[in-house]
Number of protein chains: 2
Amino acid sequence: MLLVENGPECRVTIKSVQDTMDILSGKWKLSIMCALSFSSLRFMDLVREVDGIRSKMLSSNLYELEINGLVKRTVLDTKPLTVSYELTEYGKTIKPIIHEMSIWGRHHRDKILGT
Amino acid sequence: MLLVENGPECRVTIKSVQDTMDILSGKWKLSIMCALSFSSLRFMDLVREVDGIRSKMLSSNLYELEINGLVKRTVLDTKPLTVSYELTEYGKTIKPIIHEMSIWGRHHRDKILGT
DNA sequence: CCGGATCCTTATTGATACTG
DNA sequence: CAGTATCAATAAGGATCCGG
């Protein structure tokens, strides 16, 4: 069904792709959302999960994602205060993008290593 | 075929998403590939199609896409020499990503304008 | 130790002009 | 037409510091 190239809701436009890129561009946002697509995570969990990210970048990217309504931030009343992040219902709507990117990334890796 | 959510080949990982981002990251690459997903285009057509891009960015992004085997460059024997760009067969494998991004982008725009 | 904030350096992108 | 060259602006990255 994703391969149907016609139909009114299948009008692929550069503008709509750019709109998406405006929200998701940057080196880390999709990786962060991918990590959160499995479960909610605390800040430090994210630092560990997202390979190579620095707390500064994580912090600012999470803020932007929160502003755009994709991620929800919750301060937990734990001993040393921790903050939990999770995808909002709206944030979960980008899962198909993450899914396709993951498929392609693995495919690409196989191609590079196989050749 | 692309919608199977289970099975061994559907393990979504941060690493594979990052691998994809390494190839497609940047503000313009997906827009360029979106433009080329309809038909092959000459350099100047791409400047017109991809809103806001400058020839420098287009040139360097096309080069990187060519290096990664996603785009094919063909010098045409026209009066003022022109160069045509098209997706390779491998480049066409990112169409599902573009498709999902386009769907989400339109959805997002409707949400922003509707609210 | 957690979640940043700040400062500074490097990499990427943008605007404009210019060449074969 | 299809790029390059150059310089200015912006974004990302590294190191360090701080309040709780």
Side-chain angles (χ1 to χ4, degrees), chain A residues 14-15 17-36 39-68 70-87, chain B residues 14-15 17-36 39-68 70-87:
Chain A
I14 298 169
K15 189 96 198 65
V17 171
Q18 281 181 320
D19 286 346
T20 302
M21 290 303 287
D22 286 344
I23 306 295
L24 302 177
S25 71
K27 194 171 170 180
W28 305 110
K29 291 207 186 89
L30 275 162
S31 297
I32 293 167
M33 296 197 68
C34 180
L36 293 175
S39 68
S40 65
L41 291 171
R42 286 168 305 145
F43 189 86
M44 259 315 183
D45 295 330
L46 280 166
V47 170
R48 275 183 283 269
E49 288 290 327
V50 182
D51 190 49
I53 199 168
R54 300 292 164 159
S55 65
K56 189 179 83 171
M57 281 294 103
L58 179 56
S59 169
S60 67
N61 279 326
L62 281 170
Y63 180 72
E64 287 174 48
L65 291 171
E66 193 190 353
I67 292 297
N68 284 308
L70 300 172
V71 162
K72 181 164 176 283
R73 180 179 186 272
T74 310
V75 178
L76 303 175
D77 194 21
T78 50
K79 187 58 189 309
L81 246 70
T82 54
V83 181
S84 176
Y85 294 92
E86 64 190 303
L87 296 189
Chain B
I14 298 170
K15 190 96 199 62
V17 172
Q18 281 181 320
D19 286 346
T20 302
M21 289 303 285
D22 286 344
I23 306 294
L24 301 178
S25 71
K27 194 173 172 180
W28 304 110
K29 292 209 184 88
L30 275 163
S31 298
I32 293 167
M33 295 196 70
C34 180
L36 293 175
S39 68
S40 65
L41 291 171
R42 286 168 304 146
F43 190 87
M44 253 319 185
D45 296 329
L46 280 167
V47 171
R48 276 185 283 268
E49 288 290 328
V50 182
D51 189 49
I53 199 169
R54 301 293 166 155
S55 63
K56 188 178 92 171
M57 281 295 101
L58 180 55
S59 170
S60 68
N61 279 332
L62 281 170
Y63 180 73
E64 287 174 45
L65 291 171
E66 193 189 353
I67 291 297
N68 284 308
L70 300 172
V71 162
K72 181 164 176 284
R73 179 181 186 272
T74 310
V75 179
L76 302 176
D77 193 22
T78 49
K79 185 59 188 311
L81 245 70
T82 55
V83 180
S84 175
Y85 292 92
E86 63 191 304
L87 296 189

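These numbers were taken from a predicted model, which means no experiment stands behind them. Chain letters run A, B, ... following the sequence lines, proteins first and then strands; every chain starts at 1. Because only heavy atoms are used, hydrogens play no part in the values below, and waters and symmetry mates are left out as well, while side chains stay in.
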**Q.** Axis deviation across the helix from C:dC1-D:dG20 to C:dG20-D:dC1, five-pair ends, to the nearest 10°
**A.** 30°
Q: Establish, with yes or no, whether the OP1 or OP2 oxygen of D:dA2 is under 4.0 angstrom from a side-chain nitrogen or oxygen of B:R48.
A: no
Q: Rounded off to whole Å, could you give me the CD1-to-C1' distance for the B:I32 and D:dA2 pair?
A: 14 Å
Q: Indicate for each nucleotide in nucleotides 13-20 of chain D, in 5' to 3' sequence, whether protein heavy atoms under 4.0 Å reach the base (B), only the sugar-phosphate (S), or nothing (-).
A: BB------
Q. Near DNA chain D, under 4.0 Å by heavy atom, which residues of residues 58-68 of chain A?
A. none
**Q.** Straight-line distance of B:M33 CE to B:L70 CG, nearest 0.5 Å
**A.** 4.5 Å
Q) How many angstroms lie between CD1 in B:I32 and NZ in B:K29, if you round to the nearest 0.5 Å? A) 8.0 Å
Q: State the CG-CG distance between B:L58 and B:L46, to the nearest 0.5 angstrom.
A: 5.5 Å
(Q) Please report the distance, rounded to the nearest Å, between CG in A:D22 and P in D:dA11. (A) 12 Å
Q: Would you indicate whether the side-chain heavy atoms of A:Y85 and A:L65 approach each other to under 4.5 Å?
A: no
(Q) Measuring only between side-chain heavy atoms, which start at C-beta, is A:V83 closer than 4.5 Å to A:R73? (A) yes
Q. Has B:Y85 got a side-chain N or O lying under 4.0 Å from the OP1 or OP2 atom of D:dG3?
A. yes
Q. CG/A:L81 to CG/A:L76 distance, rounded to the nearest 0.5 angstrom?
A. 8.0 Å
Q. Applying salt bridge (Lys or Arg N to Asp or Glu O under 4.0 Å), which residue pairs with at least one partner in residues 49-60 of chain B are found, sequence neighbours left out?
A. none
Q: Sequence neighbours left out, what pairs pass side-chain hydrogen bond (donor to acceptor under 3.5 Å, both in side chains) with at least one residue falling in residues 18-27 of chain B?
A: A:R109-B:D19, B:K15-B:D19
Q: Please state how far atom CZ in A:F43 lies from atom C1' in C:dG3, giving the value in whole angstrom units.
A: 5 Å
**Q.** Spacing of B:N61 atom CG and B:I53 atom CD1 [to the nearest 0.5 Å]
**A.** 5.5 Å
Q: Under the side-chain hydrogen bond (donor to acceptor under 3.5 Å, both in side chains) rule, collect the residues that match up with A:S59, sequence neighbours excluded.
A: none
(Q) Could you tell me how far apart A:L41 (CG) and C:dG3 (P) are, to the nearest whole angstrom? (A) 11 Å
Q: Would you mind reading off the distance between B:D77 atom CG and D:dC1 atom C1', rounded to a whole angstrom?
A: 14 Å
**Q.** From A:L30 atom CG to B:I14 atom CD1, the distance as rounded to the nearest 0.5 Å
**A.** 11.5 Å
